[in-house]
Amino acid sequence: MVINQFMLLVLLVTLAYQMLYLLTDAERMRPVMMVHGLSILGFLLALLANYRRHYLSAALLSLGVPMMIQVPGVTYMISADSGMHLFLLSSGVLTFLVFSNQLRWLRYLFLVVSTLLFVLLDSFCTPEIAAVTLPAEQLRVMFLLNLVSFVLLLYALSTLFHGQLILQGGRIERQARDLAHLANTDLLTQLPNRRRIITEAQRSGLFQGVVAIADIDHFKAVNDRYGHACGDAILQKVAQVLQHSIREVDRVGRWGGEEFIFLLSYSSAEEALRVLERVREQVEATEVQFEGHAFRVTISIGMAVMDAERSFDEALREADNALYRGKRQGRNCVVTEAIAY
Ligand SMILES: Nc1nc2c(ncn2[C@@H]2O[C@H](COP(=O)(O)OP(=O)(O)OP(=O)(O)O)[C@@H](O)[C@H]2O)c(=O)[nH]1
């Protein structure tokens, strides 16, 4: 893509010069026009190679033709006083555009060859031995034009690399965000997964709140009777209900299997119990549609307070014990260490 754009640009500039010489000084500039003609042929071949996906040939032609044929050829014809050979100094930067990292030896080769060529042309191509004799004033104007073009070319290349860097940075940032999302999200329910919840609970430090574990009742029977896909649909629906039944400051995640976990920042256990009781009722009242059938499930919830004296792990153990008791007491209930609703 970049080779194509670069080639088209050089081709257009060369064609423009060719037209200018043809219309103004065709007789005198004939040797230069021959070099340009040869270069145009090379550029067309480079474009063709690129189109046919022969990328190495395209890369070699796209840098080889201007650096090894056009610039040295024209400099030799009209002398180094034209400043044409300055463009050879940009080859070091251009090689990064044309050759991939696997071909970096070609970058060094082009850099060395074009620098040597620059020194040779600058030392030996004087106006006295030039095949085309141009007035000193015209050579001076050409030198200035070539110098400005050379600086603009370097500026354009820096802008291009800078733009590519910004684009790449944005892409890496997006990929990192996507990866973090994938690593922290449960695929089926799209809730935060166990790892995310643990990280958040540990990050909260002396967090005053409630940990609760909710477990779908008799879920194995649903799976066995209606199939795993039906079980998945129920898990997704229950996850939605749980997510919508808590405040933004609270968290609910999938703990694993048919278990969900809550991190609630309520000031008292009674308040948290009221909220969890409402969650339980909402799940009970929700109808899950699957392949034309309607299903209802219930959940049992065990909860425990987490504070400065009771760590997340301890509170989690207690919530698990409470849940176990809730299951034994008949399910579809919210249980703490002391009270069952
Ligand atoms: N469809 C589906 N089923 C799952 C998934 N993860 C776990 N399960 C099933 O959840 C069921 C859990 O069963 P049990 O632990 O025996 O508990 P239960 O049948 O809900 O009974 P109680 O908890 O005592 O009310 C098992 O059949 C698991 O295969 C899942 O991602 N999708």
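Note that ligands are numbered from 1 as they come in the structure, with each ligand's atoms numbered from 1 the same way. As the structure is a prediction and not an experimental result, all values here were calculated from the model.
- Taking the side chain as every heavy atom from C-beta outward, Thr24 and Met29 never approach each other to under 4.5 Å.
- Contacts with ligand 1 closer than 4.0 Å are made by no heavy atom of Ile234, backbone or side chain.
- Taking distance alone, with nitrogen or oxygen atoms compared against 3.5 Å, Leu235 stays at or beyond that limit from ligand 1.
- Here Asn223 has side-chain heavy atoms under 4.0 Å from ligand 1, and that is the only part of it that gets that close.
- At a 4.0 Å heavy-atom cut-off, ligand 1 does not touch Asp224 at all.
- Under 4.0 angstrom from ligand 1, there are no non-hydrogen atoms of Gln236.
- If you look at Lys327 next to ligand 1, the close heavy atoms, those under 4.0 Å, all belong to the side chain.
- Looking only at distances, a side-chain donor or acceptor of Gln18 sits under 3.5 Å from a matching main-chain atom of Met33.
- Put simply, no part of Glu259 is less than 4.0 Å from ligand 1, judged by heavy atoms.
- Using a cut-off of 4.0 Å between Lys/Arg side-chain N and Asp/Glu carboxylate O, Asp217 and Lys327 are scored as salt-bridged.
- Checked by distance only, ligand 1 and Asp217 stay at 3.5 Å or farther apart across all their nitrogen or oxygen atoms.
- For Leu188, no nitrogen or oxygen atom sits less than 3.5 Å from a nitrogen or oxygen atom of ligand 1, counting backbone and side chain alike.
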